[in-house]
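Just so we're clear, the structure is a prediction, and the values are computed from it rather than from any experiment.
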Amino acid sequence: MANDREILREIWEGKIPVCFQIDSDETDVEPEPIYLLISRLSYFPLVTDKVKKHFLRFLSNENQDGEMWFECGGALIKWHYPIGVLFDLLVGQDAVLPWNITVHFTKFPEDALMRCPNKEVVEAHYMSSLKEADCLKHKGLVVSAMQKKDHNQLWLGLVNDKFDQFWAVNRRLMEPVADQDGFKHIPVKCYSDDGSYLQKLITPNTETGQKRTLQDLLDDFSTPGRKAVEARIHGITVPNDTPLQWLSEHLSYPDNFLHFIVSWTSI
């Protein structure tokens with residue numbers, strides 16, 4: 001079980017300063033931008049009610065019913081990715097803060113973004129990811145054994161930024177498989193610079209019982225023409241000798257996945 005509580009809390013308290021500015025084509029006036037400090041672990045639809053309220057009064061009546069969407073330097077922001085993943089992927093280690101994001105209410109890019117009409121859609125996506133992660137770790141046995149109130153506590157802990165409320169339930173998902181020194185598989189998503197991600201079945205231990213490390217994972221994702229050399233998560237470059245089981249217990253996002261931004265080199 002994840003037992004290094006200070007690390008868990010440091011990850012939980014990670015925040016990003018963001019400057020939201022509406023696109024100049026959306027309105028005839030130039031409203032002031034709005035600045036927010038938002039959690040790396042959350043999702044944009046959960047933390048941008050103030051942004052929508054701030055800009056709606058500057059829109060024409062026909063544009064006020066449009067779904068709000070975002071871009072960063074021309075790159076579309078996929079709301080179903082955790083905010084920290086998007087920041088690390090789109091801005092990277094050399095970011096100049098605050099993170100500048102452009103707000104739109106018209107011309108929704110149907111072919112590139114999923115719509116998100118309400119927060120219930122975010123909740124459904126989150127719970128689906130959580131169940132997928134539990135299937136990898138525990139064959140789905142932990143989430144299926146939880147009651148509805150437990151699912152609600154996880155969700156509300158995330159939405160309301162309540163560390164203790166969330167971890168009172170999430171700790172059950174961080175228990176290794178019974179009679180084993182680790183999970184069955186490690187839930188991992190590895191992202192490339194183009195925003196695509198790779199998934200494979202990753203075990204925490206070798207067949208001889210040795211703990212597998214981040215280097216083993218990078219080797220798993222490398223190909224004859226491309227070598228994975230480094231991985232970042234929560235803005236941190238992780239030492240390649242770190243055990244995967246420890247990473248999963250302590251650095252996973254609330255959906256219980258490790259979301260790595262991977263650097264590659266040609267070979």
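- The closest donor-acceptor contact from the side chain of T213 to the backbone of T242 lies at 3.5 Å or more, if one exists at all.
- L76 and F44 fall into different hydrophobic clusters, where Ile, Leu, Val, Met, Phe, Trp and Tyr side chains are chained together by heavy-atom contacts under 4.5 Å.
- Expressed to the nearest 0.5 Å, how far OG of S42 lies from CD1 of I83 amounts to 5.0 Å.
- Checking T106 against E26 by side-chain atom types alone, a donor-acceptor pair falls below 3.5 Å.
- Separating the CG atom in N256 from the CD atom in E132 is a distance of 11.0 Å, to the nearest 0.5 Å.
- Taking the side chain as every heavy atom from C-beta outward, V159 and Y43 never approach each other to under 4.5 Å.
- Looking only at distances, a side-chain donor or acceptor of E67 sits under 3.5 Å from a matching main-chain atom of C116.
- Salt bridge status for K139 with D134: absent, with no side-chain N to carboxylate O gap under 4.0 Å.
- Within the 4.5 Å cutoff, the side chain of H125 has no heavy atoms near those of the D255 side chain.
- By the 4.5 Å heavy-atom criterion applied to side chains, L136 and I202 are not counted as neighbours.
- Taking the centre of each ring, F166 and W12 come in below the 6.0 Å mark.
- Closest approach of L173 and M146 over heavy atoms only: CG-CE, 3.9 Å.
- Note that K189 lies outside the cation-pi zone of F260, set by a 6.0 Å cut-off to the ring centre and a 45° limit from the axis.
- With ring centers used as reference points, F20 lies 6.0 Å or more from W69.
- Without hydrogens or angle criteria, H54 side chain to E32 main chain gives a donor-acceptor distance under 3.5 Å.
- Between P254 and Y126 the shortest side-chain heavy-atom distance falls below 4.5 Å.
- Two residues are said to be in side-chain contact when any heavy atoms from C-beta on lie closer than 4.5 Å; L154 and N170 meet this criterion.
- The aromatic ring centres of F55 and F105 sit 6.0 Å or more apart.
- To the nearest 0.5 angstrom, K227 atom NZ is 5.5 Å from D219 atom CG.
- Side chain to side chain, H259 and Y191 meet the donor-acceptor criterion of an N or O pair below 3.5 Å.
- Taking all atoms of both residues into account, the shortest heavy-atom contact from Q245 to P176 is NE2-CG, 4.4 Å.
- Heavy-atom neighbours of D164 CG from other residues, nucleotides or ligands within 6.0 Å: above the threshold of 12.
- Taking the six-membered ring for Trp and the full ring otherwise, the centers of H138 and F183 sit less than 6.0 Å from each other.
- Within a 6.0 Å radius of CD in Q64, more than 12 heavy atoms belonging to other residues, nucleotides or ligands are found.
- No chain of hydrophobic side-chain contacts below 4.5 Å, direct or via other Ile, Leu, Val, Met, Phe, Trp or Tyr residues, connects V51 to F108.
- A heavy-atom distance below 4.5 Å is not found between the side chains of R212 and L217.
- Salt bridge status for D161 with K15: present, with a side-chain N to carboxylate O gap under 4.0 Å.
- Between D88 and R40 a salt bridge is recorded (basic side-chain N to carboxylate O distance below 4.0 Å).
- Considering NE2 of H185 and SG of C135, their distance stands at 12.0 Å, rounded to 0.5 Å.
- Using a 4.0 Å cut-off between charged nitrogen and carboxylate oxygen, R115 and E110 count as a salt-bridge pair.
- Using a 4.5 Å heavy-atom cutoff, the side chains of V103 and M68 are in contact.
- Taking CD from E120 and CG from N118, the interatomic distance works out to 4.5 Å, rounded to the nearest 0.5 Å.
- P239 and L214 make their closest contact through O-CD2, 3.8 Å (heavy atoms, listed as atom of the first residue, atom of the second, distance).
- Remark: side-chain polar atoms of H234 are not paired, donor with acceptor, to backbone N or O of Y253 under 3.5 angstrom.
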- Task: Decide side chain to side chain contact (heavy atoms under 4.5 Å, CB included) for I22 and T102; before the verdict, give the C-alpha distance in whole Å, the side-chain angles of both, and the deciding distance to 0.1 Å.
- Result: CA-CA 6 Å; I22 195 166; T102 303; over 6 Å; no
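- The hydrophobic cluster containing M114 also contains Y81, counting ILVMFWY residues as joined when their side-chain heavy atoms lie under 4.5 angstrom apart, directly or transitively.
- In this structure S252 satisfies the side-chain contact (heavy atoms from CB on, under 4.5 Å) test together with M174, S248, L258, sequence neighbours excluded.
- The hydrophobic clustering, which links ILVMFWY residues whose side-chain heavy atoms are closer than 4.5 Å, places L218 and F257 apart.
- Ring pair W246/H250: centre-to-centre distance below 6.0 Å.
- Considering all non-hydrogen atoms of both residues, F58 and T27 come closest at O-OG1, 2.8 Å.
- L244 and V229 end up in different hydrophobic clusters when Ile, Leu, Val, Met, Phe, Trp and Tyr side chains are linked at under 4.5 Å.
- By the 4.0 Å N-to-carboxylate-O rule, D4 lies too far from R9 to be salt-bridged with it.
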- Go through K211 and D241 one step at a time and tell me if the salt bridge (Lys or Arg N to Asp or Glu O under 4.0 Å) criterion holds. CA-CA 10 Å; K211 292 186 179 298; D241 60 353; over 6 Å; no
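- For the atom pair NZ of K184 and CD1 of I186, the computed distance is 12.0 Å after rounding to the nearest 0.5 Å.
- Inter-residue side-chain proximity for E230 and V262 is flagged as unmet; no heavy-atom pair is nearer than 4.5 Å.
- Judged purely by atom type and a 3.5 angstrom limit, D23 uses its side chain to pair as donor or acceptor with the backbone of D25.
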